Amino acid sequence: MIVPLIKGLKYTLGRFFSKPITIQYPEERREVAPRWRGIHYFNVDENGMFKCVACGLCAAVCPSKCIKITAGEDEDGVRYPMEYEINAIRCIYCGFCVEACPVDAIRMGSKYDFTDYHREDFLLTIDRLVTQDYLDK
Amino acid sequence: MALLIESVVKVIVVFGIFMGCVAYMTLLERKVLGRVQVRFGPNRVGPFGLWQPIADGIKAFFKEDLIPANADKPIFILAPMITVASALCLIAVIPFGDKITLFGHTIYLRITDLDVGILYLFAFASIGEYGVVLGGWASGNKYGVIGAMRAAAQMISYELALSLSVIGVIMISGSLSLSVIVEKQAHMWNVVYQPFAFIFYMVCALAEINRTPFDMPEAEAELACGYNIEYSSMKFALFFMGEYAHLVVVCAVATTLFLGGWQGPFLPGVLWFLIKTFVLVFFCIWERGTFPRLRYDQIMHFGWKILLPLTLANVVVTAIVMAL
């Protein structure tokens with residue numbers, strides 16, 4: 001009867017002197033998996049331009065209908081998005097838009113704690129998707 | 001006059017240090033339990049979370065103080081006071097150190113030296129349980145009543161074994177005065193002569209102060225905190241303080257009775273006393289992180305059918321050995 005009690009005490013004492021496995025969250029972060037689906041960003045080409053051709057596949061495949069695109073054409077007849085907006089509040093982070101994109105324009109990053117104070121701050125426009133101003137918040 | 005000033009200063013100093021210890025007991029407990037569970041424990045308020053007890057105290061003060069409609073109001077208010085006051089009374093007879101000479105004036109490092117110190121200790125320790133019982137009863141809550149009922153039953157069961165476990169020490173020392181008991185241990189600690197009594201004392205003391213693995217009266221999982229379920233704000237904090245004060249006192253008494261009190265080489269006596277008490281307190285937290293709670297009938301079975309005969313046998317064996 002006594003031996004198991006002492007065994008238990010020994011075990012907990014070993015745990016007491018071991019290093020805590022807690023991740024001190026705001027200062028430290030958990031490493032995410034390589035295929036983690038965090039908040040979106042726009043992939044840029046070697047000229048620093050985003051690759052989106054406003055085909056609308058991402059908006060079509062989006063199950064929560066959170067992507068809005070207005071397509072336009074430049075003088076060479078190349079399609080580009082005049083307006084592009086992801087509503088990050090409605091997004092369910094399924095990653096279908098990334099799968100659907102034929103030109104690898106949209107990707108998902110590793111940021112999993114995208115928070116802000118106002119609803120407008122969750123509307124990701126082209127500028128924000130390219131500059132990724134929300135990533136370092 | 002000088003005696004009065006000396007007494008008042010001693011009471012204030014001891015009270016201040018003791019309350020500080022009690023406040024930081026909460027932090028120590030949370031830290032040690034955290035480390036046992038491979039996490040950090042509180043570390044956000046101040047360096048290493050050192051301001052946590054102060055933050056908790058301020059929070060407790062500003063919480064809303066609720067008294068349930070069907071509570072017995074005077075007793076409801078009185079109960080936490082009984083718990084904490086009786087716990088504070090206990091430190092009056094514990095000798096912290098030998099006499100020191102200050103400004104040509106001999107000062108004994110104890111508040112008072114009662115000839116019936118142990119009797120006083122057990123009397124006030126029992127009064128502390130009244131706070132728990134009355135608090136649970138006056139809440140007008142069924143869980144509170146169940147907790148209070150369990151506290152009463154457990155207290156009666158383990159008080160016997162607790163008292164019997166120290167009788168061996170009293171027989172060896174031939175005195176009920178705690179300072180005489182300490183002085184008798186100058187050459188050898190009582191724990192060497194009474195090892196089983198020491199173990200029985202610690203087990204019974206844990207049961208007496210309703211601590212894991214005997215924390216039936218406030219079993220979180222089944223009674224939702226038991227006797228203190230309806231208490232909030234500073235009243236709850238008082239119960240908490242009383243509980244930790246009891247824990248510190250129980251360990252201090254164990255130090256005095258079994259581990260030679262302030263006796264020890266090289267270091268000053270007060271430091272020895274604090275170190276020994278701290279080791280016992282650490283053990284109490286450590287075992288809380290280790291052992292699961294006993295079932296109610298197991299506690300009763302353990303108290304009456306195992307501990308009581310064993311402590312009685314210890315007394316008989318001690319008597320036989322001393323007579324030979």
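Just so we're on the same page: letters track the sequence lines, and every chain starts at 1. Computed from a predicted model, the values in this text were never measured in an experiment.
No side-chain heavy atom of Y11(A) sits under 4.5 Å from any side-chain heavy atom of T290(B).
The environment of E28(A) atom CD is dense: over 12 non-hydrogen atoms of other residues, nucleotides or ligands sit within 6.0 angstrom. In this structure, F196(B) places its CZ atom where only 12 or fewer heavy-atom neighbours from other residues, nucleotides or ligands lie under 6.0 Å away. Within a 6.0 Å sphere centred on CZ of F122(A), heavy atoms belonging to other residues, nucleotides or ligands number more than 12. Within a 6.0 Å radius of OH in Y25(A), other residues, nucleotides and ligands contribute more than 12 heavy atoms. Annotation for K68(A): atom NZ does not count as buried by contact number, only 12 or fewer foreign heavy atoms lying within 6.0 Å. Atom CE of M19(B) sits in a crowded spot, with more than 12 heavy atoms from other residues, nucleotides or ligands closer than 6.0 Å.
With rounding to the nearest 0.5 angstrom, the CG atom of L9(A) is 3.5 Å from the CZ atom of F291(B). Taken to the nearest 0.5 Å, the NZ atom of K31(B) stands 10.5 Å off from the CZ atom of F16(A). Once rounded to the nearest 0.5 Å, the distance linking CZ of F283(B) with CG of L13(A) reads 11.0 Å.
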CA sep, side-chain torsions, deciding dist, call: I21(A), R39(B), side chain to side chain contact (heavy atoms under 4.5 Å, CB included): CA-CA 6 Å; I21(A) 55 169; R39(B) 54 189 176 82; over 6 Å; no
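Considering all non-hydrogen atoms of both residues, R15(A) and V38(B) come closest at NH1-CG2, 3.4 Å. Residue N43(B) comes nearest to Q24(A) through the heavy atom pair ND2-OE1, 3.0 Å, listed as atom of the first residue, atom of the second, then distance.
Checked by atom type and distance alone, the side chain of R35(B) pairs as donor or acceptor with a backbone atom of S18(A) at under 3.5 Å. Side-chain N or O atoms of W286(B) include none that pairs as donor or acceptor with a backbone N or O of T12(A) at under 3.5 Å.
By the 4.0 Å N-to-carboxylate-O rule, E27(A) lies close enough to R44(B) to be salt-bridged with it.
At a 4.5 Å heavy-atom cutoff, the contact between F40(B) and chain A is made by backbone and side-chain atoms alike.
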